[in-house]
Structures are given as C-alpha cells and as structure tokens.
Amino acid sequence: MSESSPEKETGVKRNFIHQIIEEELKEGKNDGRVHTRFPPEPNGYLHIGHAKSICLNFGTAQKYNGLTNLRFDDTNPSKEETEYVDSIKEDVRWLGFSWDDREYYASDYFDKLFDFAVKLIREGKAYVDDQNAEMVSSQRGTPTRPGAESPFRDRSVEENLNLFMRMRAGEFNEGDRILRAKIDMASPNMHMRDPILYRIMKTPHHRTGDKWCIYPMYDFAHGQCDYWEGITHSICTLEFEVHRPLYDWFIDQLRDSDYRPRQIEFARLNLSYTVMSKRKLLELVRDGYVKGWDDPRMPTISGLRRRGYTPVSIRNFSEKIGVTKVDGMIDVALLEHSVREDLNKTAQRVMGVLDPLKVVITNFPQGLVEQMEAINNPEDLSTGTRPVPFTREIYIEREDFMEEPPRKFFRLSPGTEVRLRYAYFVTCTDVIKDKDGRVTELHCTYDPASKGGNSPDGRKVKATLHWVSASENVTAEVRLYDRLFNDEDPANHKDTDFKEFLNPDSLKVLRGCYVEPSVKRAKPFDSFQFERLGYFNLDPDSLPDKPVFNRTAALRDTWTKFKDK
RNA sequence: UGACCCGUGGUGUAAUUGGCAACACGUCUGAUUUUGGUUCAGAAGAGUCCAAGUUCGAGCCUUGGCGGGUCAACCA
C-alpha cells in the first residue's frame, strides 16, 4: 500500500469506529470508500442525542474524506410529518453540516423495495401470512422458547404473489395480511423468526400520498436503502445490535458484488437531569408543559439554540463525550461547560438588572448623563468598547445588597465601598425602608476621582457591581430558565410519571426587568450587564424574540454555597 | 432456560496492541482579576467487577463466575 493515509486530520478524536474503518481500509474493503448516513425518522424534533449521532456520522466521513447522506426514515406514515423534516434539515444545517444534494427518503425506495419483496417471494423466501397480530405474536415464542411456524408458511409462490399484489391493490383491510420473510422460527434471535416485511396501512404518506397502502417495516427498508445509496458504514445505536443478523441477511439477498454496508452500533447519549425520549418530549409539547419543541428548557437542538448554545459548543461536547458501546450517563455539567467555554471567548457582554433596587448617588449632579466606557468582551479586546450612560439614580441587583452582611459577603452593605463596573467607587450611606421594613432605596456617595472604576490613590474594593441607569435604560420581559427536571436523574424514570420530576422553578418570569429587545433599538444593551449571572449570546443580531437568560450551574452552586455559610 | 452486547476514579474517555493507569468534567485549596466569571498553580479521588490461568510482567490474552443492558411493536 502507499504511504498516503486516507485519514484526514479533522481534530476528530479517534474512537473504536475509526479503528474498524482503518482496519477495513487496510484490507481494501469497499474500494477504500467511506460513506455514512444520518437517518432520522421525521416524527419529532432533533435533540442533543441526535447531535451526537450527527457529529459522529458527518465527522467520521470527513475524517476519511468520505460523504454523508441525510436520509429520512419515513416508512411509518402514521407518525411522520413534513414539519419535522423541515426542522431536522434546519437543525443539521445549524450544527454546521452539509449533505449537499444527497437528501434521501426511505419512501424514495418504495418501488424498489416492492420489487425486492417480489423477488424474495419468487425465491420462496417470503410469504403472505393471513393471521392477525395476536396470532403472529403468540407464535413468535419468547426469547427463551422457540416460535411456531405459521400455517400459511408453505403457500405456493403463485399464491403468495397473487395475495401480495392484492395487498398492494388495497383489497384487504389493515391487519388482515402481512408479508413475512421465511427464515427460522426457532432462531434464538427473535428478529430472525420470520420478520414482517410489509404491513397494510391505509394512511396517506406525507410524501407519497395515497399511492401505497402497504408499507415496509424498518428492518426491510433500512439496510436496503443503505445498500442502494452505497453506504459503507451504517452507524446506529445499541438497541439495533440484535437486528444486525437480519440486516446482513437482507443484504445477502441483495448484493451482487463485493460491496456490502456494515452496521456498527454505539451507545446513545444519556444526559443527567434530562429526558430524551421522543415520546416523552412529544408529550411535554402536546400537553402544554412547555411552549413548543424549541422551548429553551427542552433538550432539543432548537431549544438549546434558543437558550444560547452555539453550534461549536455542541460539536465540542460531542467530541468530548467520545464514542463507545458503554451505556452510560453523561453529566449535564459537561454540556454546560462546553457552552461556557465557547461563550466565554465569543459572547459580547451586556449589563442588566433583573430584580432592581434603586440607588441614589447623592453627590452626583442631578440631570447629568455621563457616558462611561464599557469593554464588550474582556476575553477579546478587539471587540472594542461601548458607551454606557451613568446617572444620579441607578438600579442595582437587589441581591447585591445586604444590610447585615454575613462573613464573606463582599458586595454592598452600609458603610462599605464597592465599584460600579466601568463607573465609580460608591459607598452606601443610608438605607431607606418602607413601613414593612423592606429596603426600597439606597443612598450612596461616589468618589469622582474613581471614574472608570479605578481610584488614583490605589485603594482597592472587594466587589464590583453591575448597574443600570434608572432613567437611561430599556425594559423588557426576561425569562429565567433552569433545568426542566430537578430530579437526580429523571432519565431513569422509564414510565409516564416522568412529569412528576418537572422542575417548578424551571421557568420564572421576573418582573421589573430592565433589558432591551426590539422595543428601543436606539440604546441597545448599553445598560445590561448579564455576565455576572452567566454568559449570554445577546448581541443585537442573534437576539431571540424573547431574551433568554442562561443561568449557569456554576453560579447557582456558588450561590447555594454562599447562602449556606 | 435463550441470543447478543457491555463492565477502568463521582461522571465520561484513554492507555504505543502485555511493561504496575493518563486526560477532561466535577469537587476542594491557593494566587491573580473592573464578572464570586476567566486565567494560573496545586490537591483529593480508581489499582481497572471477581477468581483462577498463561507470562519475568495483564486493564489488555485464556477459562469460569458475577453484575448491568438489549431483544417477544403489523414503531424506528
């Protein structure tokens, strides 16, 4: 062989699938081609688990200069909709992958699949079974007991052909007849016990309309589509492992050259605090527990997008978690770390106050609006600065003041001096309360010499506060999102009771917020400083309809810790 | 009384194909800091499910256990 390795440096971490591929490449299999596919069923929105599969399929092909197809596995018209195929395409694109013109549908192959079924019948490898679902199911046996053969198993080829044509013609009702492969009812592998190839479904298909009233099953479609598309590596999740012998059986009936696609299984992603089952996500959407598939609390790609996640962060995450056959549980902390890592470098900082407490700077001139200069991103000074208006009356976060500070509380309290970021040093002189004893206003004095946030005499302050001018600001509604689930591990709750673990605090609308959106474009972001609470992708161009506030776990933990002391 | 798959710190991944286990996240210290963030320095934490075997030497090989997962939809 030549010294030029077909492997490309893409920064993709080597995993067991790469190892398999490299061994095959050495043996010269499939003419050295690597061709993968991402095959979602369009019956829901893509979630973070799919992202792993997408990154794996596209990443693997890129690594070996191969191609990846996008293929919709649409063999069950009762569950699939065009809305879903559109959202899937958008999400894959957003993640940064391209399938060029290789967009396929299992339904594209319905004719070929039908012909293949006829071929199997002719060869005596498939038959029409007149039994109903219950009969078929009871004859299948159990994992430990062999099944029994159907009384219709040995029909003549002519009779099978005739019945199959009539199935297609719509002469029978749903459930009356099925087409089965004739393999082995005693096989220790349940999937080899005369699997069903076609069932009658008088449901219009989102692409083929009412052209068909019989539809192929997953097992009868997937491998064949792989074969016809020239897929070399059909990467799927662990639960399909037991399907592999059947996958191979169909390929054996089909192939006429050395080429053969190979199914390789990997462990699907499980995330702590997260429910990933499409059925459950659909339930959350349908029953109104969330506002939609793209609700920021959802683990869907579109939900994460609205929450402020970047494509890079999700790709990095997929890379970090690796690819194995070990069925594990990844800590969301790793996902959250991945966003922070990216956003820390790229997100523009803005200031904001969510729960405002008025502060009057008593020695600051009435009516004066002073423009302070704020850095857009301390991690990337090339992003420049922006002016932020400072006035005699400002708001600070209520949490940033404590009348009787506990040990280690460094922020504002009576008599202490703190820095207002990019503005001045201020000292609290008076605390104004209402008749119930609630603090309504603070009076402070500022040190005019500390403009910009540094005192010429070199004295230090222990805290830097975030603020907003009480008059020069923009207001909007802010929603604060927490994790959707607060149970230790809701993913483990297999049954419908998973909703019991919904986090009641997962969505709070905070009143009296001072944020910006389309309301006043004139002064965007000047007065928002969210970064103390986390990082936000809130630059004017990428702002969601509703500002989304991504509270990070790290900060929450810090707070919990602090409060305990 | 089945078939297939899996078993390395709290979590995830690695270990040049046999040379006494590394990295990331998380946790905990400390320093720096106009974000209690970031950055930097450091610490704790597994002897690789168990047992026997082969070997000078095993997380990697063999055998036997144990534990976990998947499979009995006319879903994918």
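What's counted below: heavy atoms across the whole structure, side chains too, no hydrogens, waters or symmetry copies. In what follows, chains are A, B, ... by sequence order, proteins preceding strands, each numbered from 1.
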Q.
Both A:L420 and A:F16 contact RNA chain B. Taking the nearest nucleotide for each, which residue is further toward the 5' end?
A. A:F16
Q.
Say we look at B:A21 and B:C50: how far apart would their P atoms be, to the nearest angstrom?
A. 16 Å
Q) Of A:R180, A:K182, A:R153, which meets side-chain hydrogen bond (donor to acceptor under 3.5 Å, both in side chains) against A:D194? A) A:R153
Q) So does A:R411 reach the base of B:G36 with its side chain, donor to acceptor, closer than 3.5 Å? A) yes
Q: Taking the six-membered ring of A:Y215 (Phe, Tyr or Trp), confirm whether the NZ or CZ of A:R199 is under 6.0 Å from its centre and within 45° of its axis.
A: no
Q. For atom C1', what is the distance between B:G45 and B:U70, given to the nearest Å?
A. 33 Å
Q: First locate atom OG1 of A:T208, then atom CG of A:D108, and finally report the distance between them rounded to the nearest 0.5 Å.
A: 10.0 Å
Q: List in chain and number order the residues that pass side-chain contact (heavy atoms from CB on, under 4.5 Å) with A:D210, two or more places apart in sequence or in another chain; answer none if no residue qualifies.
A: none
Q.
Expressed as a whole number of angstroms, how long is the span from A:H466:NE2 to B:U33:C1'?
A. 12 Å
Q) Using a cut-off of 4.0 Å on non-hydrogen atoms, how would the nucleic acid contact of A:N43 be classed: base, sugar-phosphate, or nothing? A) nothing
Q: Write down the distance between CZ (A:F410) and P (B:U33), rounded to a whole number of angstrom.
A: 14 Å
N/O to N/O distances under 3.5 Å, protein versus nucleotides 7-13 of chain B:
residue: B:U11; atom: O3'; partner: A:M329; partner atom: O; Å: 3.1
residue: B:U11; atom: O2'; partner: A:M329; partner atom: O; Å: 3.0
residue: B:G12; atom: OP1; partner: A:M329; partner atom: N; Å: 3.2
residue: B:G12; atom: O2'; partner: A:I321; partner atom: O; Å: 3.0
residue: B:U13; atom: OP1; partner: A:T324; partner atom: OG1; Å: 2.5

Q | Protein-nucleotide distance (A:F266, atom CZ; B:C6, atom P), rounded to Å | A | 15 Å
**Q.** Length of the OH-C1' vector between A:Y247 and B:C4, whole Å
**A.** 18 Å
Please enumerate all protein N or O atoms sitting under 3.5 Å from an N or O of nucleotides 64-68 of chain B, with distances to 0.1 Å.
none

**Q.** Same-atom distance (C1') from B:U48 to B:G12, integer angstrom
**A.** 15 Å
Q. Using the glycosidic torsion, which applies to B:U17: syn (within 90° of 0) or anti (everything else)?
A. syn
Q: Could you pull out all residues at least two apart from A:E171 that satisfy salt bridge (Lys or Arg N to Asp or Glu O under 4.0 Å)?
A: A:R166
Q) Hey, what do you get for CD1 (A:I200) to CZ (A:R168), rounding to the nearest 0.5 Å? A) 13.5 Å
Q.
With rounding to the closest Å, how many angstrom separate the C1' atoms on B:C28 and B:A3?
A. 47 Å
Q | 5'-to-3' dot-bracket of RNA chain B (Watson-Crick, G-U; under 3.5 angstrom; crossing pairs as [ ]; | other strand) | A | .((((((..((((.....[..)))).(((((.......))))).....(((((..]....))))))))))).....
**Q.** A:L246 CG - B:A3 C1' separation (whole Å)
**A.** 14 Å
Q) Between B:G26 and B:U1, how far is it from one C1' atom to the other, in whole Å? A) 44 Å
(Q) By the rule that syn is within 90° of 0, classify the base conformation of B:G47 as syn or anti. (A) syn
Q) What distance, rounded to whole Å, do you find between the two P atoms, one in B:A51 and one in B:C66? A) 15 Å
**Q.** Integer angstrom distance from the C1' of B:G69 to that of B:G36
**A.** 43 Å
Q) Whole Å only: how far is the CG atom of A:L335 from the C1' atom of B:G26? A) 14 Å
Q: Evaluate side chain to side chain contact (heavy atoms under 4.5 Å, CB included) for A:R207 paired with A:Y105, printing each intermediate quantity in order.
A: CA-CA 9 Å; A:R207 295 188 79 241; A:Y105 295 79; 3.2 Å; yes
Q.
Applying ring-ring contact (aromatic ring centres under 6.0 Å, His included), can you list everything that pairs with A:Y109, at least two apart in sequence or on another chain?
A. A:W228
Q.
Could you work out, with ring-ring contact (aromatic ring centres under 6.0 Å, His included) as the rule, every residue matching A:F38, not counting sequence neighbours?
A. none
Q.
I'd like to compare against my own output: the B/S/- annotation of nucleotides 71-76 of chain B with a strict under-4.0 Å heavy-atom distance to protein.
A. SBSBBB
Q.
Just the rounded figure in Å: distance from P of B:U35 to NZ of A:K462.
A. 16 Å
Q | Set of residues satisfying side-chain contact (heavy atoms from CB on, under 4.5 Å) with respect to A:E23, sequence neighbours excluded | A | A:Q19
Q.
Quick check on side-chain hydrogen bond (donor to acceptor under 3.5 Å, both in side chains): which of A:E134, A:E149, A:Q131 does A:Q139 satisfy it with?
A. A:Q131
Q.
Expressed as a whole number of angstroms, how long is the span from A:I20:CD1 to B:C5:P?
A. 13 Å
Q: Check salt bridge (Lys or Arg N to Asp or Glu O under 4.0 Å) between A:D219 and all other residues, then give those that pass, not counting sequence neighbours.
A: none
Q.
Using the ring-ring contact (aromatic ring centres under 6.0 Å, His included) criterion, which residues pair with A:Y127? Sequence neighbours excluded.
A. none
Q: Could you work out the separation of B:U39 and B:C25 based on their P atoms and round it to a whole Å?
A: 9 Å
Q) How long is the gap from CZ on A:F116 to CG on A:L197, to the nearest 0.5 Å? A) 8.0 Å
Q) side chain to side chain donor-acceptor pair (under 3.5 Å) with A:Y198: which residues, sequence neighbours excluded? A) none
